[in-house]
Amino acid sequence: MLIRALIFIIGFILCSLSFAFIIFYLNIISLGYSFLDFVNFIIRKWELYLLFIGIILMVLAFRKDKKNDIRL
């Protein structure tokens with residue numbers, strides 16, 4: 001149970017960090033770049049991969065083990 005909580009917290013921190021960087025990178029739109037240029041820029045950054053890793057960790061933290069289920 002404690003390991004699941006730690007995995008969820010790590011995933012949440014990774015998601016929060018990557019969202020903060022993505023919002024920070026939104027400033028390049030004000031420099032005259034289009035939205036497609038922004039998407040092309042974000043795809044090449046490592047922060048986007050942290051977002052996916054964080055989401056996967058949070059989903060894995062909510063996964064249920066079937067060996068501990070009590071069936072009535």
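Keep in mind that this is a model prediction, so the values were computed, not measured.
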CD1-OG distance between Ile28 and Ser34, expressed to the nearest 0.5 angstrom: 9.0 Å
Cluster overlap Ile10 with Ile13, hydrophobic side-chain contacts below 4.5 Å: no
CG on Leu26 to CZ on Phe35, rounded to 0.5 Å: 8.0 Å
Same cluster (ILVMFWY, side-chain, under 4.5 Å), Ile56 and Phe19: no
Same cluster (ILVMFWY, side-chain, under 4.5 Å), Met58 and Leu60: no
Ring geometry between Phe21 and Trp46 (parallel below 30°, tilted from 30 to 60°, perpendicular above 60°): tilted
Side chain proximity check, Phe38 to Ile22, heavy atoms < 4.5 angstrom: yes
Interatomic distance, Leu48 atom CG to Ile53 atom CD1 [nearest 0.5 angstrom]: 10.0 Å
Side-chain touch Phe41/Asp37, heavy atoms, less than 4.5 angstrom: no
Nearest-0.5 Å distance, CD of residue Glu47 to CZ of residue Phe52: 12.5 Å
Cluster link Leu14 to Leu51, ILVMFWY, side chain under 4.5 Å: yes
Heavy-atom closest contact (Cys15 atom, Ser18 atom, distance): O-OG, 3.0 Å
Between Ser30 and Asn27: side-chain donor-acceptor atoms closer than 3.5 Å: no
Crowding at CD1, Ile3 (>12 non-hydrogen neighbours, <6.0 Å): no
Hydrophobic cluster identity match, Phe24 and Ile42, side-chain contacts under 4.5 Å: yes
Nearest-0.5 Å distance that lies between atom CG in Leu57 and atom CG in Leu50: 10.5 Å
From Leu17 atom CG to Phe12 atom CZ, the distance as rounded to the nearest 0.5 Å: 11.5 Å
